Amino acid sequence: MTQGNTAVEVLSAPLRVRFDYTRSVGPIIGAFLTGLREGRILGARGSDGRILVPPPEYDPLTCAALDELVEVAATGTVMSWTWVPEPLPGQPFDRPFAWALIQLDGADTALLHALDVSEPGQLSTGMRVSARWADERTGRIQDIACFAPGETTQTAICSEDTEALVTMLTTPVDLNYKHTASPQESIYLRGLAEGKLIGGRSEAGGPVYFPPRGANPTDGTPTNDLVELPDKGTVTTFCIVNVPFLGQRITPPYVAAYILLDGADIPFLHLVLGCEASEVRMGMRVEAVWKPRAEWGHTMANIDHFQPSGEPDAPYESFQNHL
């Protein structure tokens, strides 16, 4: 894509998404995790008699709930494997290792886990391995630190608090990646850094998409016709947020609304502040409240929020096709 006679230089930036994912585990997975904490590995017997490890909550053939748990051995056979020459942060080792599918003795399915070997020449399908237990166990798959070649089983010392069944599991999620913007998105982001709202369309008179997309979703034609939009618009739909959550910047209640900028054909989500949450309504006219110029970057966060503009409400017919 070109802007004028100049090719657009696309923007890119590293992004990191981090949060703790907490879930209840139910009776089957809870029993499996509790067993790991106690140094035991449990599977579930399926309707066809197979022992499934890890145990699923429901039978893969009949979809019926499973309830018969069976203890299996901490030794097993490698069914397949893959070598990891350059481990990533958060993986079991900071040195080369293998991931392996291991069918434990007494089980009929394979368990994926780390295998501690120093080079791929030590690996083979069919090799015998045994579990190496973590010194401290809390009811997670990491209670098995890894598997190691051989059949010498390590005696797992029972952890404290062995009576309480594991009912909850918190898993830290940490994603690091590089986002490269499309040419249209790059122009949009540079516009934000200059206090401009840039939309895109395929042709003059066509639907204006904000933020701009690389292609018109109806026919796939490039949205290279760029349109600068005003920072005023109309609330099409909205939600009053009453529930607090981790990392929340604003004390509830407050409003998150879809706002249709004047001249745009797609609404976008932003905050509506500057009035009581109960006063926000469909059709309300709003205007952007920008952060101080020194705080601007290549981000929609340059607009702190939208507030009522004081104009009369837009008639429903003017935005009914944009809900």
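Any value given below was found using the heavy atoms of this structure, including those in side chains, with hydrogens, waters and symmetry copies removed. Not measured: the values here are computed from a predicted model.
Clustering ILVMFWY residues whenever any of their side-chain heavy atoms sit less than 4.5 angstrom apart, transitively, puts Leu104 in a cluster other than the one holding Ile28. Clustering ILVMFWY residues whenever any of their side-chain heavy atoms sit less than 4.5 angstrom apart, transitively, puts Val208 in a cluster other than the one holding Leu226. No single ILVMFWY cluster, assembled from side-chain heavy atoms under 4.5 Å apart, contains both Leu197 and Ile187. A continuous path of Ile, Leu, Val, Met, Phe, Trp and Tyr side chains, each step under 4.5 Å between heavy atoms, connects Leu33 with Ile51, placing both in one hydrophobic cluster. No continuous path of hydrophobic side-chain contacts links Val289 to Ile250 [ILVMFWY only; heavy atoms under 4.5 Å].
Considering all non-hydrogen atoms of both residues, Asp174 and Arg18 come closest at OD1-CG, 3.2 Å. Between Leu42 and Ala31, the shortest heavy-atom contact is CD1-O, 3.5 Å. Residue Asp143 comes nearest to Leu36 through the heavy atom pair OD2-C, 3.6 Å, listed as atom of the first residue, atom of the second, then distance. When all heavy atoms of Pro183 and Val8 are compared, the closest pair comes out as O-CG1, 3.8 Å. Among all heavy-atom pairs drawn from Lys178 and Ser12, the shortest one is CE-OG, 3.3 Å. Across every non-hydrogen atom of Ala181 and Leu189, the tightest pair is CB-CD1, 4.2 Å.
Looking only at side-chain heavy atoms (C-beta outward), Trp83 and Leu123 come within less than 4.5 Å of each other. Using a 4.5 Å heavy-atom cutoff, the side chains of Tyr58 and Leu66 are not in contact. Proximity of Leu175 to Arg16: side-chain heavy atoms (C-beta onward) are nowhere separated by under 4.5 Å. Counting heavy atoms from C-beta outward, Glu287 and Gln307 have side chains that approach closer than 4.5 Å. With a 4.5 Å cut-off on side-chain heavy atoms, Pro222 and Glu203 do not count as touching. Two residues are said to be in side-chain contact when any heavy atoms from C-beta on lie closer than 4.5 Å; Phe306 and Leu271 fail this criterion. Side chains of Pro253 and Ile240 form a contact here, defined as non-hydrogen atoms less than 4.5 Å apart. A 4.5 Å side-chain heavy-atom check between Asp225 and Ser202 finds every atom pair outside the cut-off.
Residue Glu9 qualifies as open at atom CD: its count of foreign heavy atoms under 6.0 Å is 12 or below. Within 6.0 Å of atom CD in Glu317, more than 12 heavy atoms from other residues, nucleotides or ligands are found, so the atom counts as buried in its surroundings. In Phe19, the CZ atom is crowded: over 12 heavy atoms of neighbouring residues, nucleotides or ligands sit closer than 6.0 Å. Residue Phe97 qualifies as enclosed at atom CZ: its count of foreign heavy atoms under 6.0 Å is above 12. By the neighbour-count criterion of 12 heavy atoms within 6.0 Å, atom CZ of Phe245 is densely surrounded, having more than that number from other residues, nucleotides or ligands. Around the CD atom of Glu276, the shell of radius 6.0 Å holds no more than 12 heavy atoms that belong to other residues, nucleotides or ligands. Within 6.0 Å of NZ on Lys291 lie more than 12 heavy atoms contributed by other residues, nucleotides or ligands.
Under a 3.5 Å cut-off, the side chain of Gln91 and the backbone N or O of Leu88 do form a donor-acceptor pair. No donor-acceptor distance shorter than 3.5 angstrom exists from the side chain of Thr234 to the backbone of Gly283, with no hydrogens or angles considered. The main-chain N or O of Leu192 is found under 3.5 Å from a side-chain atom of Asn302 such that the two form a donor-acceptor pair. Within the 3.5 Å criterion, the main-chain N or O of Asp265 finds a donor-acceptor partner in the side chain of His322. Of the possible donor and acceptor atoms, one in the side chain of Gln103 sits under 3.5 Å from a partner among the backbone N and O of Ala107. Arg281 places a side-chain N or O within donor-acceptor distance of the main-chain N or O of Glu279, the cut-off being under 3.5 Å. Within the 3.5 Å criterion, the main-chain N or O of Ile144 finds a donor-acceptor partner in the side chain of His113. Judged purely by atom type and a 3.5 angstrom limit, Thr62 has no side-chain atom pairing as donor or acceptor with the backbone of Asp59. Thr75 places no side-chain N or O within 3.5 Å of a backbone atom of Ser130 that could act as its donor or acceptor partner. Not a single donor-acceptor pair under 3.5 Å links the side chain of Arg140 to the backbone N or O of Arg37.
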message: Before you tell me yes or no, could you show the steps for Asp48 and Leu61 under side chain to side chain contact (heavy atoms under 4.5 Å, CB included), namely the whole-Å CA-CA distance, both residues' side-chain angles and the distance that decides it to 0.1 Å?
response: CA-CA 8 Å; Asp48 57 356; Leu61 299 179; 3.6 Å; yes

- request: Please lay out, stage by stage, how Leu11 and Ser186 fare under the test side chain to side chain contact (heavy atoms under 4.5 Å, CB included).
  value: CA-CA 6 Å; Leu11 296 172; Ser186 295; 4.0 Å; yes

- request: Kindly indicate, with the supporting measurements, whether the criterion side chain to side chain contact (heavy atoms under 4.5 Å, CB included) is fulfilled by Asp108 and Leu52.
  value: CA-CA 6 Å; Asp108 296 289; Leu52 311 173; 5.6 Å; no

- request: Evaluate the salt bridge (Lys or Arg N to Asp or Glu O under 4.0 Å) criterion for residues Lys196 and Asp231: first the C-alpha distance (whole Å), next the side-chain angles of each, then the deciding distance (0.1 Å), finally the verdict.
  value: CA-CA 8 Å; Lys196 300 177 182 179; Asp231 61 0; over 6 Å; no

message: Under the criterion side chain to side chain contact (heavy atoms under 4.5 Å, CB included), I'd like the reasoning laid out for Asp116 against Phe93: C-alpha separation, chi angles, the key distance, then a yes or no.
response: CA-CA 8 Å; Asp116 185 12; Phe93 297 102; 3.7 Å; yes

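Side-chain polar atoms of Asn242 and Tyr254 form no donor-acceptor pair below 3.5 angstrom. Side-chain atoms of His179 and Glu185 form a donor-acceptor pair, as typed in the model, at a separation below 3.5 Å. Residues Asp20 and Thr170 have side chains that never bring a donor and an acceptor to within less than 3.5 angstrom of each other. No side-chain donor-acceptor contact under 3.5 Å links Thr34 and Glu38.
The distance from atom CG of Leu261 to atom NE2 of His270, rounded to the nearest 0.5 Å, is 10.0 Å. Between atom CG of residue Asp313 and atom CE of residue Met282 there is a gap of 11.0 Å, rounded to the nearest 0.5 Å. Once rounded to the nearest 0.5 Å, the distance linking CD1 of Ile41 with CG of Leu111 reads 7.0 Å. Between the CG atom in Leu169 and the OH atom in Tyr21 there is a gap of 9.5 Å [rounded to 0.5 Å]. Met79 CE to Met127 CE: the interatomic distance, rounded to the nearest 0.5 Å, is 13.5 Å. Note: Cys239 SG to Tyr258 OH = 10.5 Å, rounded to the nearest 0.5 Å.
Relative ring orientation between Phe319 and Tyr316 is described as perpendicular, the plane-to-plane angle rising above 60° on a 0-90° scale split at 30° and 60°.
Between Asp262 and Arg285, at least one side-chain N (NZ, or NE/NH1/NH2) sits under 4.0 Å from a carboxylate O, which counts as a salt bridge. One finds a salt bridge joining Asp105 and Arg128 here, because a Lys/Arg side-chain nitrogen approaches an Asp/Glu carboxylate oxygen to under 4.0 Å.
You'll find the ring centres of Trp296 and Trp290 inside the 6.0 Å limit. Taking the six-membered ring for Trp, Phe268 and Phe210 have ring centres closer than 6.0 Å.
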